[in-house]
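Lettering of chains follows the sequences in order, A, B, ..., and the numbering in each one begins at 1. Computed from a prediction, not measured in an experiment: that's the story for all the values here. Just the heavy atoms: all of them, side chains too, but no hydrogens, waters or symmetry mates, feed the values below.
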Amino acid sequence: MRYTNLFIPTMRETPAGINALSHILMLKAGYVRQLAAGLFIFLPLGWRVLNKINSILKEEMERIGAQEISMPILHPAEIWQQTGRWYTIKEEMFRLKDRTGRDMCLGMTHEEIMAWIAAKEIKSYRQLPQVWYQIQTKLRDEARPRGGILRTREFIMKDSYSFDADEEGLDRNYKLHAEAYHRIFTRCGLKYYQVESDPGIMGDMESHEFMAPTSAGEDDIVLCDKCGYSANIEVAKSNIGFPPPINMEFKEVYTPNKKTVKEVSDFLGFDERYFIKSLLVITEKEPVLVLIRGDQELNEKKLARIIGEFSFASPDEAIKIIGTEIGFIGPVNQKIKILADLSIDKNLYYISGANKKNYHIQGINPTKHFDAEWVDIRKVKEGDTCIKCGGSLRIEKAIEIGNIFKLGVKYTVPLNAFFLDKDGKEKPIIMGSYGIGPARVAAAAIEQNHDKDGIIWPKSIAPFDIEIIPLNMSDKKTVSIAEELYEKVSEIYNSFADRHMEVLLDDRDERPGVKFKDADLIGIPIQVIIGEKGLKDNKIEIKKRRTKESKMVSINKAVVEIVNAYYETY
RNA sequence: CGGGGCGUAGCGCAGCUUGGAUAGCGCACCUGCCUUGGGAGCAGGGGGUCGGUGGUUCAAAUCCACUCGCCCCGACCA
């Protein structure tokens, strides 16, 4: 394709006020433009990249037997009411009424609609299993869109859904998807991890996320390099051991104005591990006192999974409920419900608030001095010990590029998706759902592959394979060689991508500097530079975008050399 | 939703504190000349509801109130 026929509005200056590198580079290199918060226009180059990713998705989905379909984005409310999500999901769902006043919503995902059609059509075990997928727009009224195309209100998603007669079938489809996802992300040139994840309100069975490490990521993932344990920090577990027992007389101690664990620990001279941090939270039903070891942090997600939505008590609420201010709250003689983290050893003695201003109690023993429900609500820290192998854990920031969920009968039962099995018994269809965000794949690829000059696309998803750059459009020889190579290289069959080579010819009447800058910015894997200097010796230059390696080759070998360079790069 | 910041030409910004002239600069854009291996040079030119509404004032980009939008941090994020 000719540059002059393409709309590639690159920017010389870096847009201000945005952080995510992928966001900056996609704007700067003319891939996308923003319409409003969380709404993006994909320009020709951006759309080409998405389509490259989508073809990989389709190939790999078809390979595991998934069938492409397409579902409406506009949904009647009743179906979402039947599964309850019409009510459990709040402002995040776009809702509207049609002209007759019927409640409708815009699809955030398609479990409901998929289960609906399955319920209507699948009657027998003979029709199972089925795997259906689509690459379709989703709409979510995000509280805060961010990071450019990383978190938007409207986005395309590859979502597939499996329907099985039994758990074994679900296991198989789940595994097939995991394998397909590994192939997909590898083909897209991404560094990624498969991690254990929180199914959230998708269900409460097994689920995994595929995470691409990048500093622009919204999630923290916990990794063990020794055994490969990997989990989203929301669900990650670790070992931290217990400190050695020490003798501590049970008594109140005066701790004037010492409120934080650190302050009291410094003041009394005991290690933070001998403290119990007492956090007062309020759920929809009741106040709850949450205990965690002094040197540890609460994992709010884990806690929320146990007690539901909660908020931390305000100073006023604390006084009203406990009778003393935050900083001196403790578990002893407490009447409200207590949840204690397993990092607290029942045999040890601890220090915590005395429920009395300016006083703490030392020598508190969990079995003697309070009753609690023991749970895991601790947040894993860098350097904690791996629960599987004893290795040291590390934490990385990552962006979620895909997920796989076992749903079981969560959606099929409410929507009456039942089939008759071999024995003529009616059973609910077992369902799974599996998503990938192509725009996030593109963004993650940029986050992981760029330099100071611009994007370096993995060649599998680059908008073009080769860019030919004639430096002087008023030099006849330059132009004729460029045209000739453009023709010839375009005819080459690209066995890597299973199609012909896609060549971009920069036929603009621009100065060399402009063409070089733009070429580096938009990041096509191979640059073929044709200048009068080289032509004097009958040579052209082939340059790899990733390494900036370049070599001069003679014109009669140019086509072969270009193709070779393409296969050498990645 | 809480906290912070920003809205002046396509982009990046100055001007606002302390109201006053034709609202300015760099880049981009258009025309011509020139130039062609890393965002050239010269000459000429076009482009603004100063986010919006209301108010104060002889006079508002500037002061006040409200409002809309966008960005960042947090909450949230199936």
Assuming nearest nucleotide by heavy-atom distance, tell me which of A/Ala37 and A/Thr14 is located more 5' along RNA chain B.
A/Thr14
Could you tell me whether [X] contacts a base, only the sugar-phosphate backbone, or nothing, with contacts defined as non-hydrogen atoms closer than 4.0 Å?
X: A/Glu541; answer: base
X: A/Thr478; answer: nothing
X: A/Ala143; answer: base

Could you let me know what B/C33 is paired to, Watson-Crick or G-U wobble, both distances under 3.5 Å, or none if it's on its own?
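Paired with B/C33, as far as the under-3.5 Å criterion goes, is B/G41.
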Pairing check on B/G2: which nucleotide meets the Watson-Crick or G-U wobble criteria with it, both distances under 3.5 Å?
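Result: B/C73.
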Rounded off to whole Å, could you give me the CD-to-C1' distance for the A/Glu13 and B/G39 pair?
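Taking atom C1' of B/G39 as the reference, CD of A/Glu13 is at 11 Å.
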When rounded to the nearest Å, what value does the distance between [atom1] atoms of [N] and [M] take?
N: B/A23; M: B/C64; atom1: C1'; answer: 22 Å
N: B/C11; M: B/G5; atom1: P; answer: 24 Å
N: B/A59; M: B/C72; atom1: P; answer: 41 Å
N: B/C58; M: B/G52; atom1: P; answer: 24 Å

A/Tyr411/A/Trp116 aromatic ring centres below 6.0 Å:
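No: the rings miss the under 6.0 Å criterion.
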Assess the pair A/Tyr31 and A/Trp457: is the distance between their ring centroids shorter than 6.0 Å?
yes
Side-chain donor or acceptor of [X] under 3.5 Å from a matching atom on the base of [N]?
X: A/Lys543; N: B/G38; result: yes
X: A/Asp518; N: B/G39; result: yes
X: A/Glu532; N: B/G37; result: no
X: A/Arg511; N: B/U35; result: yes
X: A/Glu510; N: B/G39; result: no
X: A/Arg12; N: B/C27; result: no

In terms of side-chain heavy atoms of A/Lys301, which of B/C77, B/C70, B/G12 is nearest?
B/C77
Starting the side chain at C-beta, find the nucleotide from B/A75, B/G39, B/G12 nearest to A/Arg146.
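Between B/A75, B/G39, B/G12, the one nearest the side chain of A/Arg146 would be B/A75.
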Going by heavy atoms in the side chains, are A/His208 and A/Glu196 under 4.5 Å from each other?
yes
Cut-off 3.5 Å, side chains only: do A/Gln134 and A/Ser70 have a donor facing an acceptor?
no
Under the criterion side chain to side chain donor-acceptor pair (under 3.5 Å), which of A/Glu400, A/Glu209, A/His182, A/Gln448 is the partner of A/Tyr192?
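The residue from A/Glu400, A/Glu209, A/His182, A/Gln448 that satisfies side chain to side chain donor-acceptor pair (under 3.5 Å) with A/Tyr192 turns out to be A/His182.
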